[in-house]
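Keep in mind that the numbers below use all heavy atoms, side chains included, and drop hydrogens, waters and symmetry copies.
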Amino acid sequence: MPRIRWKANMGLLKIFFSLLLVAIVMFASNYLVFENSISGIYRQVSENNKLVVKHVIRSFDQAFKEMNDLIYSIHALPYKSWEVMEDDRINMNDVYLMQKNMTTLVSSMDYLEEVVLFEKGSAIAITSQGTSSLEALFNEQYRHDTYNAEYWRSFAETNRTQKVFPASVFKVKFADRLVQNRNLIVLMGSNQISTYNIMLLIDVDKLLKHVNQTAMMQGTSLMVMDAERNRILSTDPEWDLVEMLNEVYFNPGQEAMVKSRDYEYLFYKSDYNDFIYIDKMPVELAGTAPVVAWNRMIMIIAILSAVGLSIVLSHYLYRPIRDLVRLLGGKTAEPQADYNRIRSGIEQIQLENASVKVQMETVHSEIRRGVFLHALDEFSHSREFENRMQHIFADFFRTGQFMMAAIHLRPKESPEAGSEPPAPMRAAALEQALQAMLREAAGEARGHCSVFHAGSLQFLALIGLERPSDREPVIRRMGQILKQAGNGPLKDVAVMAAVSRLYASKIQYCQDAYREVKRGLMYRDLSEASPITDTQAIRYTWKVYFPLHEIEKLSNHLAGGNVEACLAMIRAILEKNAERQVHHHQLVPVAECMYYHMQQYVEPGKVDGQELIRLQDGFIRAVHQAVDYREIETALEYAARRFAEWRKPAGDTKLEAEFIAQYINLHYKENLHLDHMAELLGTTPKYFSNYFKKAFGINFVEYLNKVRMAHAKEWLKTTDWSVAEIGEKSGYLNSSTFTSTFKKYNGISPSEYRRKSIS
């Protein structure tokens with residue numbers, strides 16, 4: 001009995017000492033925390049504060065860089081807003097365009113209060129809100145005792161290229177006559193070429209919020225000095241710069257840190273604009289005494305509580321632990337089997353977690369795609385929807401500006417495969433390939449890119465850019481990469497793309513960009529070799545070459561079996577349109593007209609209707625998806641050869657409208673008359689005349705004259721032949737007959753027609 005009690009007491013002591021060991025570890029840990037907490041926390045906070053300050057300084061540099069880029073972009077706008085016209089008025093159209101484009105450029109800079117442009121010696125100032133006089137702007141709307149309109153006009157005469165004026169309080173007047181005090185920094189910029197000055201009014205509070213100044217350690221102040229060591233901005237209005245310089249020494253060519261009795265000063269010199277940033281940080285954390293007292297009390301309470309809990313728990317846990325050990329270590333227990341079951345269960349959970357992770361990534365990707373496509377709808381979205389999707393919108397727009405790209409792919413196929421369905425392609429693989437290529441194109445400009453599958457083989461991309469000047473280089477790299485991809489991931493598809501102009505990174509501009517890229521694909525130039533259409537570079541034209549008489553002639557060639565002549569006319573019509581740089585949507589109806597003119601000579605019994613439908617479907621798909629005009633030419637040539645195989649036979653008699661029209665178009669230069677045509681067709685002149693009028697709606701002579709007139713008008717416009725030569729080549733025996741006939745059908749003489757067509 002004493003032995004059993006001794007063993008029970010030993011078990012109880014083991015539990016007690018185990019818990020007491022935990023208490024000792026807790027005590028040691030608390031002691032170390034107590035010894036090192038204040039100094040360690042200060043060191044950590046100090047190091048973190050240095051990193052935060054460096055980040056704030058980089059944000060300041062980036063903000064000043066954005067403002068310099070904005071000044072450069074405004075100077076680069078191609079408008080002469082102050083050019084005086086003949087009646088001594090200012091060209092207000094250029095003023096309006098300047099204000100409109102300037103508003104677009106500054107829309108992404110939320111810390112910018114206002115932008116002002118004014119000419120030296122002019123009373124007019126252009127702002128993002130419109131035009132105003134310089135006196136009204138700075139003597140009424142932005143009032144300051146020193147910086148008034150006369151001051152800025154005098155400063156503009158000094159011809160300084162750029163100057164940053166320190167933060168100062170302006171009295172800002174709003175439309176409702178409410179006056180507020182605003183702390184503003186003025187950045188004045190000009191150049192040696194432009195005759196006008198640009199002023200940027202920067203809201204100090206918004207600028208500090210933009211650079212996240214509140215992330216610095218409590219009690220820290222920041223001062224910004226320009227390259228001439230003039231103080232621009234200070235977050236502590238009571239900071240005496242002279243007293244600080246008397247206490248410390250600073251070498252302005254290096255980053256330095258010095259300490260005074262109460263403060264530590266960190267000096268940084270900007271690599272961008274030689275600005276000096278001074279960080280003033282207290283050497284001790286405020287309110288540390290209460291922390292020390294509470295820390296001691298917590299240590300004492302924790303130790304006493306640990307000892308008490310060790311005693312109580314050792315008494316109450318002894319029996320449950322003993323029973324658990326007996327269950328695990330009894331004769332029927334199989335610890336190894338239990339361990340194997342636990343391990344297999346953990347592995348199963350890991351596999352399920354991996355599968356769930358993949359599913360969640362897929363769902364997130366589809367949500368992003370759905371939100372983006374929903375944003376392109378023409379219908380307005382609710383405020384609740386925009387608020388819920390705000391975190392997704394932030395992922396779309398990581399830069400201040402963006403442009404949209406529409407990329408349409410189609411499988412490469414020969415014309416003979418026009419009736420076959422395209423080979424299946426995986427949209428996900430193509431989306432990943434395009435994502436990688438566009439990110440490579442935007443990477444050098446520090447841009448961001450997101451690609452979305454819009455259906456079929458059509459993709460939309462949002463390309464974010466830091467600066468407007470990055471747009472042209474990114475488009476060039478996109479063109480080069482998409483061309484090279486023809487030998488890589490996009491080797492089985494043909495690519496055509498369109499890019500929009502730059503927009504401010506806001507979701508409401510996505511609809512405008514989408515409409516613009518759709519129009520860019522419609523107005524693409526089929527004579528260009530580049531796969532990308534820049535919507536800003538489109539030059540609209542209406543000079544479509546659509547010769548109905550030649551289209552009728554080529555179909556007659558096909559009806560007569562002269563396929564090569566028909567193909568030559570197809571090539572000539574498409575090449576003339578390519579020379580005129582017509583747009584894709586303009587060339588499509590020309591090609592379809594040629595197709596349907598040729599199709600009318602197909603004999604219905606020679607070909608199955610389904611085969612005609614397949615040929616037509618393949619032709620329409622090839623024409624509407626053509627990257628250049630040669631693809632349209634290839635589709636038309638293939639259709640012409642097929643129609644030639646299925647054309648109606650000539651038969652025993654030549655009395656057919658197709659043959660007659662073809663014969664007249666080929667022999668109009670000859671002396672054609674009713675007797676000749678009747679003899680050729682094996683009938684009487686009277687029967688031929690009645691048949692011709694019934695088939696063509698007009699008599700033979702009228703039709704012959706119209707054919708001759710069509711050729712004569714073309715020669716008058718395109719050659720320098722004399723009127724007599726053109727009359728002879730048109731089939732008239734003398735120039736007087738030609739002139740009188742021409743005037744009868746056209747109302748003017750051949751010479752007047754030539755003069756009007758040339759002018």
Side-chain angles (χ1 to χ4, degrees), residues 547-570 573 593-607 609 612 639-715 726-746:
L548 288 174
H549 62 282
E550 290 191 20
I551 293 175
E552 182 71 28
K553 192 173 181 179
L554 73 85
S555 62
N556 290 333
H557 280 308
L558 185 65
N562 193 354
V563 180
E564 293 304 321
C566 175
L567 298 181
M569 295 188 72
I570 289 174
I573 292 173
C593 183
M594 289 190 281
Y595 177 88
Y596 291 118
H597 266 73
M598 294 187 294
Q599 183 178 321
Q600 65 182 328
Y601 295 108
V602 173
E603 183 180 9
K606 260 195 173 183
V607 60
L612 269 176
R641 296 184 189 278
R642 299 303 301 273
F643 290 149
E645 298 173 3
W646 303 331
R647 69 186 178 90
K648 300 175 183 178
D652 297 332
T653 177
K654 297 180 180 178
L655 195 60
E656 292 183 352
E658 293 86 353
F659 176 80
I660 295 171
Q662 181 186 7
Y663 186 86
I664 293 174
N665 283 328
L666 295 177
H667 299 275
Y668 65 91
K669 299 179 183 179
E670 302 172 7
N671 185 20
L672 299 180
H673 49 81
L674 283 175
D675 293 340
H676 171 78
M677 295 300 297
E679 182 181 356
L680 175 69
L681 299 171
T683 185
T684 64
K686 184 177 181 181
Y687 183 83
F688 169 74
S689 178
N690 292 333
Y691 173 81
F692 191 94
K693 190 169 185 179
K694 183 178 179 181
F696 291 91
I698 58 175
N699 60 43
F700 170 72
V701 176
E702 292 284 333
Y703 184 87
L704 178 60
N705 283 330
K706 286 188 176 182
V707 171
R708 289 173 173 174
M709 288 298 106
H711 289 281
K713 287 193 290 185
E714 185 67 23
W715 287 332
I726 293 176
E728 182 181 352
K729 291 180 180 294
S730 301
Y732 295 96
L733 297 178
N734 53 66
S735 60
S736 60
T737 303
F738 168 66
T739 301
S740 61
T741 307
F742 190 95
K743 193 169 184 180
K744 174 184 176 182
Y745 283 95
N746 298 284

Discussion item. To the nearest 0.5 Å, what is the distance between CZ on F696 and OH on Y691?
Written reply: 7.0 Å

Worksheet entry | Minimum heavy-atom distance H673-N671, with the two atoms named | CD2-O, 3.4 Å

Item to complete: Report the distance from atom CD1 of I573 to atom CE of M594, rounding to the nearest 0.5 Å.
Response: 5.0 Å

Item to complete: Determine the interplanar angle of the Y703 and F692 rings, folded into 0 to 90°, and report it as parallel if under 30°, tilted if 30 to 60°, perpendicular if over 60°.
Response: perpendicular

Worksheet item: Which pair of heavy atoms, one from K693 and one from N699, lies closest together, and at what distance?
Response: CG-N, 4.5 Å

Item to complete: Could you walk me through whether L567 and R641 pass side chain to side chain contact (heavy atoms under 4.5 Å, CB included), step by step?
Response: CA-CA 9 Å; L567 298 181; R641 296 184 189 278; 3.1 Å; yes

Worksheet item: Which value, rounded to the nearest 0.5 Å, describes the distance between L704 atom CG and H667 atom NE2?
Response: 12.5 Å

Response to the item:
For Y595, the ring pair (Phe, Tyr, Trp, His ring centres under 6.0 Å) test, sequence neighbours excluded, returns F619, F643

Worksheet item: Measuring from I664:CD1 to R708:CZ, what's the distance to the nearest 0.5 Å?
Response: 9.5 Å

Worksheet, complete the sentence: Taking every heavy atom of M709 against every heavy atom of F738, the minimum-distance pair comes out as CE-CE1, 4.0 Å

Worksheet item: If you measure from CD on E728 to OG on S735, what distance do you get to the nearest 0.5 Å?
Response: 10.0 Å

Practice prompt. Output, in order, the C-alpha distance, side-chain angles, deciding distance and verdict of side chain to side chain contact (heavy atoms under 4.5 Å, CB included) for I660 and F700.
Written response: CA-CA 10 Å; I660 295 171; F700 170 72; 5.8 Å; no

Atom pairs and distances, donor-acceptor, side-chain atoms in residues 681-690, under 3.5 Å, two or more places apart:
{"residue": "T684", "atom": "OG1", "partner": "Y687", "partner atom": "N", "Å": "3.2"}
{"residue": "N690", "atom": "ND2", "partner": "K686", "partner atom": "O", "Å": "3.3"}

Worksheet entry | W715 CH2 to K729 NZ distance, which is reported to the nearest 0.5 Å | 7.0 Å

